[in-house]
Amino acid sequence: MSRQVSDYLSEINDHIFLPGLQREFVWNPRQIEELFDSLIRDYPIGAITEWRVRAANISDYNSYNFLRMYVADDYRPPDPVLAEYDLYNQEVEDKEPEILIIDGQQRLNSLYIGVEGGITVYNGGRGKPSDELQYWEGQRLCVDLFGHPEYDRDDTAGDYEFEFKSTGKFGGTDETGYTITGDTRHLWMPVGELWNGGDEGSSGNSTVLEGRSLSEVVDEYVDTAELRADNETRYQLRSISMAVARDITSNVLQDDLETDSTNKDRSEIPEIFTRLNMEGSDPKPYQLLLSKLMSYWPYAEEEDERINPREVIQDWIDEFKQKFPEYEQEIDRKLFLRYTAYLVGTDLLRSNLSSIDEERMDEMRERWLYNEPVVAGRRFEWFRTSLEKAFQTVIESGVRSSVMNTMPIFALLGVFYYQNPDAEVSDANRESVFQFVARALLLNKYYQVLTYGKCRNWMRYLREWEPDPNEPIVFPGDELFESENISPSAEDIRRVVANARYESSPGEPVFTDTDVTAVLGLIEESYTQSTSTSIGDYSVDHIYPKSRKESVSESIGETVDLNRIGNLQLLPHEMNEEIKSDQWPHDWLDDLGNAEAERIQRINQYPDIEPTPENAQAFVQAREEQITDYLIDKYVK
C-alpha cells in the first residue's frame, strides 16, 4: 500500500492528525533539508504507519495537529513570533480524525513544513536578548533552481541543493531569489511555489503544479533574476531550472510513500508505538517516556486524575524559562521527564523505560499530583515547587550553565526538596550545593563525575536518605560522594590549580569558569565565616586588581598573569565594590583594621608574603602552593 506525498499534504490537519502518544516534532532544519534531498534522489525514506480510527471511538482519542509554522530554535521567541509560529503541536479542535500517524511523524511533518509552511530562527548570536523581534527571522525551504547533477556548468552548483533561506520576515534579510557565491550562480525558490502556486495550504484542494503552470512559475523566477547574461546562457539556465522543478514535482511531491495501517483498539496502540520506536535509535528515551505517559494519563478513570503531560510540561518550560533566564537554554522537556523518573527511582534509560508498566505510570502521576506540603497551591504544586527550589539554590549560589551544564543535577536537587518538604533554600543549602558542585567540577575534568550514571546513583541514595530530625535539613553533598567512594588525588588538585584562570570582569557574582569554581568553592572557609552573607552574594575578586597590571609589571620588571587562581579570592560583593574596589591589596587591608585584615587573609589562604606591588609574582605563586596544600590536606583520602 502506498500514498503519494501530495495525498498526505492535501489531508494533513484535515483528516490526518497525530495521536497524543506521539512525541513532539524534533527534527532540525538540516534534517528537513536532507529529507527533501533524499526524495529528489529517489533514496528510500521508510514506511509510514497509519492508525485508522474507528468512528464510534473518536471521543476516546487525544489528537494533535501537524506543525506548519515552526519555531526551530531553543530560544524563547517574542509574542509577535508566537502569533504566527508554534513551539509545539496544538491539540485538534472541531475536527474528527480519520487517520492518526503512529510512525513517520518526523518525515511527514518535515514535508508539511518544507512545502506548505516555514520556520523561524534566532539570529542574534550570543548575548543578544531573545525577546526582541529584530533578532528573529522567518525562513522557507528553498531549492537552487540552477543546481542539477545532469547539467555541468562552471557557473552553477552542478547538483541539487536545498536550504532554508530567510524571507526577510521579522529581523532577517531576504535571501531568496538570485545570488552569486564566488563564481557560482544560485536561484533560490521556495519549494512551496511548486505546490498550488505557493499559496498557504488549504487542505483538500492543493495540487502539484504541472505543464504550463509549472513553466510560468519557473519563467517568472528566471526572468526577474538580475543575471547579466547573454540569451544563450539565460536559455541554458532556464533549462536547468525546469529540470530541477520537474524533479521536485515528480520525485518529491508525487513520490509514492510506503504505507502500513492498523485499526487496533487504543489499548494496543501504545505497545505498537513502543515496539516501532524501540527498534532504532529514535526517538530519545525521554520522548518515549512522554509517549507512554500520553498513552494513559489523559484517559484516567477519575476526571481529577486526568493529565495531559505534554501540555503541562510545555507550560512549565515557558514558566521556568521566564523565571530562571540564567538557564533558559537548558530548560527543556527532558529535564521534567528525568525529574519525574527520578521521583520513582528510575531514569531515562531505554532498558528502564521498557519495564515501566501502568502501575509505575500511576506512581509517577501520584508524584505530580501530591500537594500535601503546600497549603493552598495550584495543581502539581509540590512537584513544581520542589524543582523551583533546586533552581533557586543553584542560581543563588552563583553557578551558571557555562560551568555546570549537567542538568540531571537539577533533577537530583528536585528529589532532595521533594523528599524533604521542610528543607529551605537556606544559606546552608546554597553553600552545601555550591561545594558539591565545586568538588564535582574538580573531578569532572579528568574523571567525568558529572554524568547521568552518577546522578542516577545519587538519586537512589537520596530517596533512601533520612536527615537528622534534630538538625536543619541540609543537602548531603559529602555523603553522596562518600556513597560512591569518590575523592580526588593530589595530582588532580595540582592540575586544576595550575590551570584555573578567570577571564570575566571582576565584581561579577557569577562563577563562569569551571576550574575557578572548583578551587574557590572548596576553600569553604572563605564563604562560611560570615553568618550574614550567602554564597550568592560573593564575587570572584582579583586580589591585585586587573587595572593595576601595568604597574605590577613595572614594579617587578616582568609580566604577571593576574587571572591565575593565585590572584583570585571570594569576597562579599558589597565589600568588593565599595571598600576594596581597585586599591592595592596592602592598602585596603590596612584600612580594614588588624583583626578583619587577618581574618580575610586567613580564610582566603594568603601566604606569609606582604601583598605589595613588588611581591605580586611571589605572592601569586606562593598562594597557589598554599591553596594546593590546603585542598590536598582537606579532600584527598
Report summary line: Taken in chain and number order and not counting sequence neighbours, the residues that satisfy ring-ring contact (aromatic ring centres under 6.0 Å, His included) with Phe391 are Phe320, Phe324, Phe410
**Report entry** For Trp368, all residues meeting ring-ring contact (aromatic ring centres under 6.0 Å, His included), sequence neighbours excluded
**Finding:** Trp297, Trp316, Phe380, Phe383
Requested in this report: For residues Val92 and Tyr64, report the shortest heavy-atom separation together with the two atoms involved.
Outcome: CG2-C, 3.4 Å
Requested in this report: For residues Leu568 and Asn563, report the shortest heavy-atom separation together with the two atoms involved.
Outcome: CD1-O, 3.7 Å
Report summary line: Exactly one of Glu328, Glu388, Gln392 clears side-chain hydrogen bond (donor to acceptor under 3.5 Å, both in side chains) with Lys323, and that residue is Glu388
Under 3.5 Å, side chain of [X] to main-chain N/O of [Y], donor-acceptor pair present?
X      : Y      : result
Arg185 : Tyr178 : no
Arg338 : Leu412 : no
Asp174 : Thr176 : yes
Asn28  : Gln31  : yes
Glu175 : Lys165 : no
Arg107 : Ile32  : no
Lys95  : Asn13  : yes
Asp73  : Val121 : no
Tyr527 : Gly521 : yes
Asp347 : Leu349 : no

[X] side, atom [atom1]; [Y] side, atom [atom2] - distance, nearest 0.5 Å:
X      : Y      : atom1 : atom2 : result
Asn308 : Ile313 : CG    : CD1   : 9.5 Å
Arg41  : Asp37  : CZ    : CG    : 4.0 Å
Phe162 : Glu34  : CZ    : CD    : 12.0 Å
Met189 : Leu187 : CE    : CG    : 8.0 Å
Ser386 : Leu413 : OG    : CG    : 11.0 Å

Query - Atom CD of Glu574: over 12 foreign heavy atoms under 6.0 Å - result: no
Query raised in the report: Does atom CG of Asp183 have more than 12 heavy-atom neighbours, drawn from other residues, nucleotides or ligands, at distances under 6.0 Å?
Result: no
For [X] and [Y], which I'm curious about, is there any donor-acceptor pair between the side chains at under 3.5 Å?
X      : Y      : value
His573 : Asp537 : no
Asp541 : Ser539 : no
Trp188 : Glu163 : no
Gln314 : Arg333 : yes
Tyr417 : Thr393 : yes
Asn123 : Glu137 : yes
His542 : Asp582 : no

Query raised in the report: Quick one: are the ring centres of Tyr160 and Phe36 less than 6.0 Å apart?
Result: no
Report task. Decide if the gap between the ring center of Tyr70 and the ring center of Phe25 is smaller than 6.0 angstrom. Result -> yes
Query raised in the report: Could you walk me through whether Glu116 and Arg68 pass the salt bridge (charged side-chain N to carboxylate O under 4.0 Å, His left out) check?
Result: CA-CA 7 Å; Glu116 293 217 10; Arg68 190 174 69 83; 5.6 Å; no
Query - Candidate pair Asp318 and Lys321, rule salt bridge (charged side-chain N to carboxylate O under 4.0 Å, His left out), full reasoning - result: CA-CA 5 Å; Asp318 296 342; Lys321 281 179 179 287; over 6 Å; no
